[in-house]
Amino acid sequence: MKRTNRRFVLARRPAGYPVEEDFRLEEVPVPEVRHREVVVETTHLSVDPYMRGRIAGTASYAAAIEIGGLMGGGAVGRVVASQHPAFAEGDMVTGNLGWQEVAVTDGGALRKGDPMIAPISTALGILGMPGMTAYFGLLEVGRPQPGDTVVVSAAAGAVGSAVGQIAKIMGCRVVGSAGSDEKVRHVVDELGFDAAINYRTESDYHARLRWLCPNGIDVYFDNVGGNMTDAVFHLLNLRARVVVCGQISQYNLEKPELGPRLLGQLIGKRARVEGFIVSDFSQHYERAVTRMAEWIRTGALKYREDVVEGFAQTPAAFISMLKGDNIGKRIVKV
């Protein structure tokens with residue numbers, strides 16, 4: 001077992017997009033394991049958009065990370081020592097272990113992974129928090145019906161790519177937006193979306209969406225906010241559902257854009273806009289993971305992992321993910 005631990009802590013609050021100097025690499029001793037604690041050597045770390053809110057220092061649904069505090073986030077790893085009866089040396093586990101190579105944690109904060117179901121790294125993606133976000137956000141909040149038109153922003157990301165495929169499984173027409181021609185080809189040709197637009201090169205979101213959604217939009221899964229959401233609001237159908245999952249277009253702005261701007265569109269259409277947090281559905285995760293794993297087994301649900309090699313690359317992997325450089329779930333292989 002390693003006796004020292006490398007970890008990234010928050011060095012300062014970012015202004016606009018984070019830079020690598022906002023994070024500091026430290027080396028600290030690994031503490032002795034105590035009763036009911038487990039020592040985990042991480043194999044993969046997660047970087048996710050919600051982490052930007054945690055380092056902003058403003059009120060958010062997730063607790064802020066203090067200056068000098070360990071960068072939080074999901075991880076998977078191998079148990080190398082245990083004083084907890086539920087975990088043995090060699091077990092593969094997942095939990096909110098943060099950006100560090102070795103974690104000493106209460107066993108109650110961990111759950112075992114099953115590499116027989118899918119690679120253990122999927123516990124950070126399609127069978128982890130992003131996958132659960134897609135599953136419950138779409139099915140419990142968006143409530144799509146067969147024949148509905150579903151629009152998904154950030155469609156090539158970890159959440160959006162799963163949302164679109166689940167909507168197809170539910171019998172919907174699915175249109176995505178993504179930030180490159182490669183991403184558009186990925187969601188249409190590989191994931192089975194009916195259509196997608198490149199928001200970086202499209203000059204008129206509203207006109208393009210109206211062409212791709214001739215019968216209007218019944219469900220909008222919003223990961224980005226901003227101009228894309230404005231365009232969608234004009235095309236909502238009667239009793240449409242807008243699922244607010246993220247607002248990544250706004251996270252790194254030093255001066256927030258004006259909004260919300262088009263709530264009047266909801267009146268005559270009696271549409272519903274609802275935000276959600278995936279942890280609201282935590283008691284149902286096991287059921288969702290079982291169902292998602294079966295879709296993966298049958299080929300109905302596909303996933304891509306965008307893997308960055310090396311623990312030292314974690315801040316760079318996070319920053320480039322915020323800029324949209326990933327396709328699928330961005331993961332750091334320690």
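If you're wondering where the values come from, they're calculated on a predicted model, not measured in any experiment. If you read the sequence from its start, that first residue is 1, and numbering goes on from there.
Residues passing the side-chain hydrogen bond (donor to acceptor under 3.5 Å, both in side chains) test with R52, sequence neighbours excluded: N252. The salt bridge (Lys or Arg N to Asp or Glu O under 4.0 Å) search around E66 returns R13, not counting sequence neighbours. R12 meets the salt bridge (Lys or Arg N to Asp or Glu O under 4.0 Å) test with D22; sequence neighbours excluded. Residues passing the salt bridge (Lys or Arg N to Asp or Glu O under 4.0 Å) test with E26 are R7, R24, sequence neighbours excluded. By the side-chain hydrogen bond (donor to acceptor under 3.5 Å, both in side chains) test, R78 pairs with no residue at all, sequence neighbours left out. For E202, the side chain to side chain contact (heavy atoms under 4.5 Å, CB included) partners two or more places apart in sequence, or in a different chain, are Y205, R208. For R200, there are no side-chain hydrogen bond (donor to acceptor under 3.5 Å, both in side chains) partners, not counting sequence neighbours.
Listed by first and then second residue, the salt bridge (charged side-chain N to carboxylate O under 4.0 Å, His left out) pairs that reach into residues 107-132 are D91-K112, sequence neighbours excluded. For residues 130-149, the set of pairs meeting the salt bridge (charged side-chain N to carboxylate O under 4.0 Å, His left out) definition, not counting sequence neighbours, comprises D148-R241.
Taking the six-membered ring for Trp and thresholds of 30 and 60 degrees, H284 and F136 have ring planes inclined between 30 and 60 degrees apart. Using cut-offs of 30° and 60° for the angle between ring planes, the F8 and F311 rings count as tilted. The aromatic rings of W99 and F23 sit tilted, their planes meeting at an angle between 30° and 60°.
At a threshold of 4.5 Å between non-hydrogen side-chain atoms, the residues L209 and V175 count as touching. Put simply, the side chain of P18 reaches to within 4.5 Å of the side chain of L322, judged on heavy atoms. Counting heavy atoms from C-beta outward, M170 and P146 have side chains that stay 4.5 Å or more apart. Within the 4.5 Å cutoff, the side chain of F87 has heavy atoms near those of the L110 side chain.
Under the 4.5 Å side-chain contact rule for hydrophobic residues, L124 and V308 do not share a cluster. Both M132 and I296 are part of a single hydrophobic cluster, where members link through side-chain heavy atoms under 4.5 Å apart. Clustering ILVMFWY residues whenever any of their side-chain heavy atoms sit less than 4.5 angstrom apart, transitively, puts V141 in the very cluster that holds V152.
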Donor-acceptor pairs under 3.5 angstrom involving side-chain atoms of residues 185-194: please list them, not counting sequence neighbours.
unit_1, atom_1, unit_2, atom_2, d
H186, ND1, E190, OE1, 3.2
H186, ND1, R304, NH2, 3.4
E190, OE1, R304, NH2, 3.3
E190, OE2, R304, NH2, 3.3
D194, OD1, K168, NZ, 3.2
D194, OD2, K168, NZ, 3.0
D194, OD2, V174, N, 2.8

Distance-only donor-acceptor hits, side chain of residues 243-250, under 3.5 Å, sequence neighbours excluded:
unit_1, atom_1, unit_2, atom_2, d
Q247, NE2, D222, OD2, 3.0
S249, OG, V224, O, 2.5
Q250, NE2, E257, OE1, 3.2

Tell me which donor-acceptor pairs under 3.5 Å the side chains of residues 324-334 have, and how far apart each pair is, sequence neighbours excluded?
unit_1, atom_1, unit_2, atom_2, d
N326, ND2, G328, O, 2.8
K329, NZ, S46, OG, 2.9
K329, NZ, V47, O, 3.1
K329, NZ, D48, OD1, 3.2
R330, NE, D306, OD1, 3.2
R330, NH1, A317, O, 2.8
R330, NH1, S320, OG, 2.7

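Between R6 and E101 a salt bridge is recorded (basic side-chain N to carboxylate O distance below 4.0 Å). A salt bridge does not link E294 with R291: every distance from a Lys NZ or Arg NE/NH1/NH2 to an Asp or Glu carboxylate oxygen is 4.0 Å or more.
Between the side chains of Q100 and N5, at least one donor N or O sits under 3.5 Å from an acceptor N or O.
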